[in-house]
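Not measured: the values here are computed from a predicted model. Reminder, nothing fancy here: chain letters follow the sequence lines and each chain counts from 1. Note: hydrogens, waters and symmetry copies are ignored here, and every other heavy atom, side chains too, is used.
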Amino acid sequence: MAYNHLEIEKKWQKYWEENNTFTTDVNDFSKPKYYVLDMFPYPSGQGLHVGHPEGYTASDIIARMKRMQGYNVLHPMGFDSFGLPAEQYAIKTGHHPEGFTNKNIETFTKQLKMLGFSFDWSKQISTCSPKYYKWTQWIFKRLYEKGLAKLIDMPVNWCEELGTVLANDEVIDGKSERGGYPVIRKNMKQWVLDIPVYAERLLSGLDSIDWPESTKEIQRNWIGKSIGAHINFKVDNSDETFVVFTTRCDTLFGATYCVLAPEHPLIKKIMTKECQDDVLKYIDEAAKKSELERTELNKEKTGVFTGAYAINPVNNKKIPIWISDYVLATYGTGAIMAVPAHDDRDYAFAKKFNIEIIPVLEGGDISKEAFTGDGTHINSDFLNGLNKQDAIKKMIEFLEKNNLGSEKVNYKMREWVFARQRYWGEPIPIVYVDKETYALNDDQLPLVLPVVDDYGRSQDGQSPLAKAKDWVNTTYNGKPAIRETSTMPGSAGSSWYYMRYIDPNNEKMLANPILLKHWLPVDLYIGGAEHAVGHLLYARFWNKFLYDLGISPVEEPFKKLYHQGMILGENGEKMSKSKGNVVNPDDVIKEYGADALRLYEMFMGPLKDEKPWSSAGLQASRKFIDRVYRLVCGKTNIIITIEDTDNLLKSYHKTVKKVTNDFETLSFNTAIAQMMIFVNDCYKEKYVFKGLMEGLVKLLSPICPHVCEEMWLYMGHYNTLAYESWPTYDEKYCVDDTITIGVQINGKLRATIEVNKDTPSNELEKIALENSDIIRHLQGKQIKKVIAIVNKIVNIVAI
RNA sequence: GCCUGUGUGUUGAAAUUGGUAGACAAACUUGACUCAAAAUCAAGCGGGUAAUUCCGUACCGGUUCGAGUCCGGUCACAGGCACCA
């Protein structure tokens with residue numbers, strides 16, 4: 001007897017919707033709150049793939065369990081709906097991206113509902129709706145007012161193909177993340193957010209949150225803190241000076257040259273006439289290289305001498321100033337002191353150009369390679385005899401005392417380039433009056449996207465918005481003004497959406513502060529590991545900023561984070577159309593049901609692992625549901641209402657315990673295995689107690705909600721299962737009276753003995769030595785020692 | 001190159017503080033039911049072997065009465081960073 005999943009699932013989805021079963025009253029503070037959030041999807045034209053339900057099922061299980069445990073649960077869903085595919089569709093067809101986006105949202109919503117997720121759809125948001133992006137713009141305005149959103153001239157990642165600048169996390173291996181087009185460095189005036197201001201707090205905050213260690217490490221890496229010093233160098237025969245950043249100021253006596261990045265503004269002021277041609281040629285060539293070319297060439301160092309010399313501030317030695325693209329304009333000060341004896345890169349450069357190499361540390365052989373380790377200082381005047389740590393300390397004291405430099409912390413993380421020359425994004429609410437920038441007034445928000453004739457780039461490389469002349473030309477405080485035509489990047493709307501779910505329709509403010517105080521932080525956040533730096537870092541940044549404004553009540557928005565692993569195709573490769581290994585969830589739902597899909601994806605393996613799809617595994621999951629259904633509703637096992645055998649009662653309580661604990665740690669695969677053990681046990685009995693079946697149905701209901709509601713109804717309950725109390729267990733049934741323990745001889749298992757629980761070790765030893773298998777194995781041997789651990793093992797050492 | 005993970009049957013995978021390796025599934029084999037098939041129910045199932053014997057958690061070594069688990073080294077794979085001074 002199999003159940004009709006098509007009928008049952010539709011029926012319960014309709015029931016939940018009509019009864020608003022999962023609508024959360026956010027004003028109900030009478031119960032403890034639990035906020036469980038999924039990373040919301042980009043509504044692509046392809047619809048859901050089987051990877052989506054994996055994370056969504058996991059969060060849904062937690063949401064459903066928490067409701068049954070008496071929490072007031074907020075479990076919302078929405079759409080990250082600004083983005084490139086919709087824009088490209090618009091360029092191709094000439095249709096507005098909004099229609100395309102809304103159609104996709106509709107498809108996604110329908111598909112998500114077919115999977116039976118207990119989302120509160122009344123809280124749904126979409127980042128491309130003016131109702132929503134009004135507040136994205138409002139936050140931008142606050143950033144602008146605090147000086148954290150600013151227009152600066154800086155080298156940016158420019159992608160010619162996409163016609164836009166990109167943030168660092170949108171560039172992978174010198175190519176654009178979307179499309180894989182080449183990216184070059186270009187000096188441009190751009191809107192940026194000054195995220196480095198928050199670098200230290202973004203770093204230290206990681207210690208207080210329950211996130212995967214790998215993700216924290218990626219963020220730490222990205223922030224890239226290094227502690228060092230700034231040292232001032234004078235240019236010989238000139239009033240010019242420049243500053244270098246170094247983490248090894250202790251090696252300053254070994255500095256035999258300096259290097260400036262090709263973009264360094266000082267170069268043109270200090271180069272000598274003799275060297276001028278070579279220098280300008282080198283700068284020109286460096287500018288033309290793409291990011292990829294620059295990094296690919298990292299084996300062979302290139303550079304030219306400027307003709308100028310710097311004065312080493314500790315010994316007044318004259319050292320040449322070179323330029324080379326191995327020094328990055330965007331890190332530190334764009335200038336370094338080179339200590340070839342103790343830095344691999346400087347060593348390679350010095351060898352190539354025959355520059356002096358002076359060792360200042362003992363150890364290593366500088367005729368072969370640079371020595372980058374620790375050692376005793378030599379050739380270093382007042383540092384001689386000191387180790388690295390002490391020498392750094394003393395050098396910093398010296399520099400600061402003589403005004404030659406200071407201790408300095410540097411971060412790899414740079415400003416977040418916040419403007420895109422695209423149509424389908426939030427307009428930046430800025431106007432220019434005589435080149436001065438002004439943010440729009442709050443009552444002028446939202447600044448709605450204007451209508452344009454076509455969505456392609458403007459001829460001058462500007463955003464398509466520049467084509468809307470009537471929109472661009474405006475007034476500000478009665479003066480003629482022009483609007484900023486860039487839009488915000490994709491990560492803008494997703495940087496704060498978890499706040500808006502709490503109060504999605506508020507027209508007066510971002511969200512009611514009383515509600516924010518109650519509902520934040522997000523207790524559990526589930527989504528892909530690919531957002532480790534982009535979204536997850538930006539969201540933390542915006543939250544910290546809003547925290548400083550007194551809007552966010554918490555320093556960290558996501559208390560616990562979990563990444564689901566990717567689901568691969570049946571052949572173990574990444575699912576893709578070209579490989580023909582894509583599994584469509586709609587087909588699975590039709591053939592096996594949403595419950596089977598949900599169960600299967602949770603049983604495949606640990607949630608965080610990458611794992612291949614298996615249609616046999618899917619069928620097996622459906623088989624298990626059928627097996628439970630037959631047990632509960634079938635005729636072979638009669639449900640009676642007397643207490644059952646001890647056997648089954650123990651199995652039941654152990655199951656409740658394991659399932660509850662495993663759900664809590666998101667170990668769904670082992671929780672399901674335990675339910676299977678219990679069901680197998682039930683099948684061995686002639687009768688099963690109805691109460692135990694009710695408990696089983698409750699335990700399974702977060703994973704397979706439709707069929708469990710159906711079984712619950714079958715058992716004579718006319719209310720939804722969603723708010724029934726979660727089963728409890730009695731510890732006394734979870735322990736066995738007798739246990740089987742192993743008996744080893746010299747660490748090898750030779751027999752097992754059945755003993756009462758907590759049998760003392762002297763007793764265990766006696767029983768073990770009386771065992772016939774053990775006696776046989778001990779023949780001709782002498783017992784040296786017996787280790788007997790209560791409830792664990794007996795090990796006999798014999799020779 | 002650096003950082004972080006992961007290596008267990010034919011397959012997906014289990015295994016508290018070190019304590020019977022392979023739970024639960026899949027595949028496979030067999031039996032029951034059936035005219036038959038499917039479904040279902042039940043049994044077996046790491047490898048070698050005549051065996052109740054030996055081998056076995058990537059590899060080498062160590063600590064321990066005892067190691068998948070701890071320590072040192074090696075290899076492979078995945079992810080991240082990468083001329084970051």
With a 4.0 Å cut-off on heavy atoms, is [X] in touch with a base, just the backbone sugar-phosphate, or nothing at all?
X      : answer
A:H563 : nothing
A:I787 : base
A:S226 : sugar-phosphate
A:F603 : base
A:E217 : sugar-phosphate
A:I218 : sugar-phosphate

- [ ] Please confirm whether any donor atom in the side chain of A:K301 sits under 3.5 Å from an acceptor in the base of B:C83, or the reverse.
- [x] yes
Task: Quiz item: A:N221 side-chain donor-acceptor pair to B:C81 base, under 3.5 Å - done: no
Counting only side-chain nitrogens and oxygens, does [X] get under 4.0 Å of the OP1 or OP2 atom of [N]?
X      : N     : answer
A:Y331 : B:A85 : yes
A:R776 : B:U53 : yes
A:K748 : B:U53 : no
A:N680 : B:A25 : yes
A:R750 : B:C54 : yes
A:R630 : B:C41 : yes
A:N669 : B:A14 : yes
A:K623 : B:A26 : yes

Quickly work out the [X] [atom1] to [N] [atom2] distance and round it to whole Å.
X      : N     : atom1 : atom2 : value
A:D609 : B:U4  : CG    : P     : 20 Å
A:D250 : B:A85 : CG    : P     : 14 Å
A:K608 : B:A13 : NZ    : C1'   : 13 Å
A:H777 : B:U53 : NE2   : C1'   : 8 Å

Open item on the list: Under 4.0 Å between a side-chain nitrogen and a carboxylate oxygen: does that hold for A:K574 and A:E610?
Closed with: no
Open item on the list: Salt bridge check, A:D626 against A:R622: does any charged N sit closer than 4.0 Å to a carboxylate O?
Closed with: yes
Do any N or O atoms from the side chain of [X] and from the backbone of [Y] form a donor-acceptor pair under 3.5 angstrom?
X      : Y      : value
A:K216 : A:L206 : yes
A:Y347 : A:V339 : no
A:N232 : A:L404 : yes

Would you measure the distance from the [atom1] atom in [N] across to the matching atom in [M] and give it in whole Å?
N     : M     : atom1 : result
B:A82 : B:U4  : C1'   : 15 Å
B:C71 : B:U64 : P     : 16 Å
B:C28 : B:G9  : C1'   : 13 Å

Task: B:G9, syn or anti by chi within 90 degrees of zero - done: syn
- [ ] Please say whether the positively charged group of A:K225, taken as NZ for Lys or CZ for Arg, lies over the ring of A:Y411, i.e. under 6.0 angstrom from the six-membered ring centre and within 45 degrees of the axis.
- [x] no
